[in-house]
Amino acid sequence: MKKNIIAMNASIMIGLGSILAAPSVYAESISDLQKQKESIQEKRTGVESNISDTEKKIDNLQDKQMTAEEQIEAIEAKIAESSKKIDAKNAEITETKKEIEALKEEIKVLKERIAKRNEVLKERALSFQETGGDVNYLEVLFGSSSFGDLVDRVGAVATIAEADRDILKQHELDKKDLEEKQNAVETKLASLQVAKAELLEIQMQQKQQKQEKDALVKKLRQQTKEHEDVKMGLEEEKENLAAQEKAIKSAINLEHQRLAELEAARKKAAAEAQKRAEQEAAQAASRASESKKQSTSSESSAKSNSSSPSSSPSLSSSNVSQVPAVSSGTFTRPSAGYVSSRMGERWNKQHAGIDIAASGTVPVVAAADGVVSRSYLSSTYGNVVFVTHSIGGQQWTTVYAHLRSRQVSEGSVVAKGQQIGIMGSTGHSTGQHLHFELHKGPWNYSKSNAVNPLNYINI
């Protein structure tokens with residue numbers, strides 16, 4: 001009877017580890033689960049601290065990004081102001097070039113005037129050379145027909161001399177004015193060109209600063225996105241740890257329940273054994289008066305009855321199409337199919353599990369006894385189920401991703417080989433397959449506890 005009770009309890013084990021009969025083993029199992037629970041709580045605290053630190057980093061990056069964007073706006077305003085100044089200088093340069101063109105016309109006229117004066121001066125110079133530069137006043141005196149004519153002759157000579165001096169003086173003034181105008185316009189044009197070059201240099205520096213700030217903003221945005229992705233992963237890890245803690249609590253309660261059931265079964269078995277012993281003793285006393293032969297026959301019959309084996313209930317199982325056979329190892333194969341991708345480096349990322357591919361409607365089963373810690377639709381995993389196991393005092397976590405559908409909910413107790421979903425291609429997936437992960441410990445965002453399932457499961 002005791003064996004039957006133990007066998008029945010073992011057959012309905014919902015498990016996080018094997019059920020043993022000794023109470024001390026139960027106590028040890030509960031103690032291990034309690035330690036796992038405390039470890040998960042500690043990790044949750046650490047993850048929450050990491051989330052807080054990441055949020056501070058995101059805030060800091062956003063502040064820097066805002067400052068950089070404000071600086072970009074200020075630089076853009078300066079660039080716009082520089083453009084206005086450059087446009088103004090270009091307008092001045094255009095006007096100055098127009099002045100230069102007008103001045104060229106004036107210079108042309110002035111040059112013609114100077115050329116004519118040069119001809120007059122040449123004639124004067126020739127006359128001066130022929131007379132030696134002296135006026136023969138005797139000729140003027142004796143050549144005069146009258147005193148009035150003399151006065152006229154002397155006045156004419158003076159007038160001519162004065163005209164020559166005026167021509168020379170105007171000639172010098174025109175030449176000087178021409179030089180001054182040329183110098184003034186050229187100086188103004190050169191000054192405007194220098195000012196424009198300086199403005200262009202300033203604007204180039206401002207554009208360079210803007211490019212640097214744009215690059216900084218782009219970098220800050222990328223860093224912000226990376227930290228936001230980390231935060232999302234940490235939040236998912238926090239949720240998984242909370243679910244695993246809940247599963248461990250459920251496992252502890254189940255351990256207590258099984259212990260109570262086993263104790264009750266033991267007491268019931270002991271009471272039944274005591275009752276049978278008393279009945280046999282009473283029967284033996286009533287037959288004491290019979291003959292020795294009958295007594296011997298009765299004792300032989302009693303021994304035969306007491307030593308006959310008890311029948312145990314048979315456990316039947318039905319095979320479902322494409323459901324893999326449950327192996328005797330710690331973990332069983334989670335689905336039918338072939339390994340299409342192994343654990344390791346893939347697409348410049350760490351592939352933290354294996355992919356098992358098959359076509360059609362392919363059942364996915366629990367790799368070991370455990371409690372469903374999470375069952376939800378993930379943006380990356382698609383339909384995914386997390387199962388927490390406790391085997392020999394060690395916590396394990398299995399992950400079943402990209403499912404077409406899920407058949408278990410959070411908190412459900414599953415047995416090794418029990419169907420939990422259908423293989424699919426949801427989330428980040430190309431083609432129907434099961435992405436299966438095995439973690440020695442709780443699942444975390446960095447997947448540092450992931451181990452190669454092929455080292456534990458024969459596939």
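- Applying the side chain to side chain contact (heavy atoms under 4.5 Å, CB included) criterion to Lys349, with sequence neighbours excluded, gives no partner residue.
- Applying the side chain to side chain contact (heavy atoms under 4.5 Å, CB included) rule to Ala358 yields the partners Val362, Met423; only residues at least two apart in sequence or on another chain are considered.
- His439 pairs in a side chain to side chain contact (heavy atoms under 4.5 Å, CB included) with only one of the listed residues (His389, Lys447, Gln395), which is Lys447.
- A pairwise comparison of heavy atoms in Ile422 and Pro363 identifies CD1-CA, 4.1 Å as the closest pair.
- Applying the salt bridge (charged side-chain N to carboxylate O under 4.0 Å, His left out) criterion to Lys219, with sequence neighbours excluded, gives no partner residue.
- The side-chain hydrogen bond (donor to acceptor under 3.5 Å, both in side chains) check on Glu76 picks up nothing, with sequence neighbours excluded.
- Side-chain N/O atoms of Asn444 and Ser448 include a donor and acceptor closer than 3.5 Å.
- Contacts of Trp396 classified as side-chain hydrogen bond (donor to acceptor under 3.5 Å, both in side chains), with partners at least two apart in sequence or in another chain: none.
- Every salt bridge (charged side-chain N to carboxylate O under 4.0 Å, His left out) that Asp214 has, sequence neighbours left out, goes to Lys210.
- Residues satisfying the salt bridge (charged side-chain N to carboxylate O under 4.0 Å, His left out) test with Arg221, not counting sequence neighbours, are Glu69.
- Residues meeting the salt bridge (charged side-chain N to carboxylate O under 4.0 Å, His left out) test with Glu201, sequence neighbours left out: none.
- Listed by chain and residue number, nothing satisfies the ring pair (Phe, Tyr, Trp, His ring centres under 6.0 Å) test with His227 (two or more places apart in sequence, or in another chain).
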Item to complete: Give the C-alpha distance, both sets of side-chain angles, the deciding distance and a yes or no for side-chain contact (heavy atoms from CB on, under 4.5 Å) between Tyr400 and Val387.
Response: CA-CA 9 Å; Tyr400 313 79; Val387 180; 3.7 Å; yes

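- When the side-chain hydrogen bond (donor to acceptor under 3.5 Å, both in side chains) test is applied to Lys225, the partners found at least two apart in sequence or on another chain are Asp229.
- The side-chain hydrogen bond (donor to acceptor under 3.5 Å, both in side chains) search around Gln407 returns Gln419, not counting sequence neighbours.
- For Thr330, the side chain to side chain contact (heavy atoms under 4.5 Å, CB included) partners two or more places apart in sequence, or in a different chain, are Ile391.
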